[in-house]
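Reading through the structure tokens given below for one structure.
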Amino acid sequence: MGTHFLKIVSLAFLGSSLLLLQPFSVLGAVITDVRLWSAPDHARVVLDLTEPAQYESFSQETPPQFHVVLTGTSLYTKKRELEVNDPFVTKLTVNELEKGKVKLILHQKKPLTVNVFALKPYQEKSYRLVIDLIDAAEEKKEQEERQKQKEIKPRGNKIVVIDPGHGGEDPGAVGQKKTMEKDIVLKVGEKVVRLLSQNTEIPAFLTRKGDYFIPLEERIKIAREYGADLFVSLHTDGSFNPQARGSSVYCLSLSGATDQAAKILADKENTSNILGGAFLRPAAYAKDPNLNQILLDLMQNNSMKESFRFAETILAEIKAINSVKHPSYRQANFIVLKAPDIPSVLLEMSYITNKEDERLLNDNDFQEKIAKTLNASIKKYFRP
Ligand SMILES: [Zn+2]
């Protein structure tokens, strides 16, 4: 949905490359792109800007709309309107009110809670203005549905949460043929959940069900709401060296990485929050004052020990279908693996930046093989 939309809107607004051909000088910020990402409980609209822009925003009740007025900003079209296929937003309109003043209107299907925040350039990303339109009732419903799974779980059953990395604004690693990590990990994640769900004793759920971004801390929160007994974050590796290949498995380290490469990888995976545009609502991540630190450390130690056991199980299984980069698991400070009470492992399935691996990662049979390997590893882990 997001990428498709991107193309349409890029044409509507004239890409930055075309702007270079304009004979007149450009003053202030220029909106070069607008993207929309649909999540089950919110819609995210992202504006790309050549410079930071001053903006004012306000909600209108009837009809429900959200207005953003950007000053010192230009648009090279007189008026634009865009219908979108989203659960919460029907269309976007952009008007140039006067020279250097642009008004964006988001036409909503119902009243929504809105968060607006600006992001600075980072790596290939330009200045961005992010508008999150949140359906608070739907957000609560999603949360309650997750918590219900924990309550209805029969004794002895285990819940697994599969976390397809990246999503939305954060594509993850990108292959030579433009294969995006976020798309591959979602496909494999869906296959793992389908396989595990055939076995009613190990119900499995995804943190992310589509192409949208979830902050790393929120992925842990989702797993905890499900009452997960195991958390698996799925990724594909990327390297400047096109020869690099193979699978690798990672666990959390609280005391520094096992090696420099593991540290670099964890740093890279942790930038997901910056690329994806994490807006941390403080209430969601505040520490529970009732939690005893000693108890928390004990839980964390036990979870990590269990993570190591699961990591070894995956490595033993995955060898049969792919080359393994390191004979053992590695450890580093991955934010997404920090649940104190859930054994958590991160799998780098293969290198998306290697030509042959990119082909395999796109191949349905190979995706199926990885999913089957994970399914077998998870079963072995719970029933050794
Ligand atoms: Zn990744």
Side-chain angles (χ1 to χ4, degrees), residues 2-3 37 122-125 161-192 206-220 222-223 231-242 244-253 257-278 307 311 314 318 322 324-326 329-339 344-354 357-358 360-362 366-367 370-371 374:
T3 41
W37 307 99
Y122 188 77
Q123 295 178 0
E124 294 97 67
K125 300 280 185 187
V161 169
I162 305 289
D163 172 47
H166 313 277
E169 283 287 286
D170 173 20
V174 180
Q176 290 166 34
K177 292 220 163 100
K178 302 281 172 251
T179 308
M180 291 186 210
E181 177 179 1
K182 65 175 182 179
D183 297 328
I184 302 297
V185 294
L186 181 61
K187 281 187 186 152
V188 175
E190 285 168 344
K191 288 181 196 297
V192 180
L206 292 167
T207 51
R208 161 167 91 79
K209 297 167 206 154
D211 189 8
Y212 52 90
F213 181 72
I214 305 177
L216 298 170
E217 294 83 351
E218 205 164 311
R219 294 169 195 252
I220 299 175
I222 290 171
F231 178 85
V232 189
S233 193
L234 296 180
H235 294 260
T236 66
D237 227 325
S239 173
F240 289 113
N241 171 12
R245 296 189 72 172
S247 305
S248 44
V249 179
Y250 294 87
C251 296
L252 177 67
S253 166
T258 42
D259 55 287
Q260 189 59 18
K263 187 194 177 296
I264 291 168
L265 180 74
D267 289 346
K268 200 168 71 185
E269 295 297 2
N270 291 345
T271 60
S272 186
N273 269 350
I274 306 170
L275 292 166
S307 308
I314 301 180
I318 211 157
N322 201 22
V324 169
K325 209 173 164 227
H326 311 286
Y329 60 85
R330 301 286 159 123
Q331 287 175 261
N333 185 33
F334 294 91
I335 294 171
V336 80
L337 300 181
K338 282 189 168 174
S344 303
V345 160
L346 186 143
L347 170 66
E348 297 282 354
M349 302 189 286
S350 219
Y351 276 83
I352 206 164
T353 43
N354 175 272
D357 278 359
E358 183 180 12
L360 283 169
L361 287 166
N362 272 305
F366 186 75
Q367 292 172 3
I370 293 183
L374 275 168

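Just so it is clear, the values below take in all heavy atoms, side chains as well, and ignore hydrogens, waters and symmetry mates. Just follow the structure's listing: the first ligand is 1, and inside any ligand the first atom is 1.
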Looking at OG of Ser350 and CD of Glu181, how far apart are the two atoms once the value is rounded to the nearest 0.5 Å?
11.5 Å

Charged N-O contact under 4.0 Å between Lys125 and Glu169
yes

Excluding water, the protein N, O or S atoms sitting under 2.8 Å from the Zn ion (ligand 1) are His166 NE2, Glu181 OE2, His235 ND1, Glu269 OE1, Glu269 OE2

Can you tell whether the side chains of Lys187 and Asp183 come within less than 4.0 Å, N to carboxylate O?
no

Do we see a donor-acceptor contact under 3.5 Å between the side chains of Asn333 and Lys263?
no

Mark yes when over 12 heavy atoms from residues, nucleotides or ligands other than Gln123 sit less than 6.0 Å from its CD; otherwise mark no.
yes

Within the 4.5 Å heavy-atom criterion, are Leu361 and Thr179 side-chain neighbours or not?
no

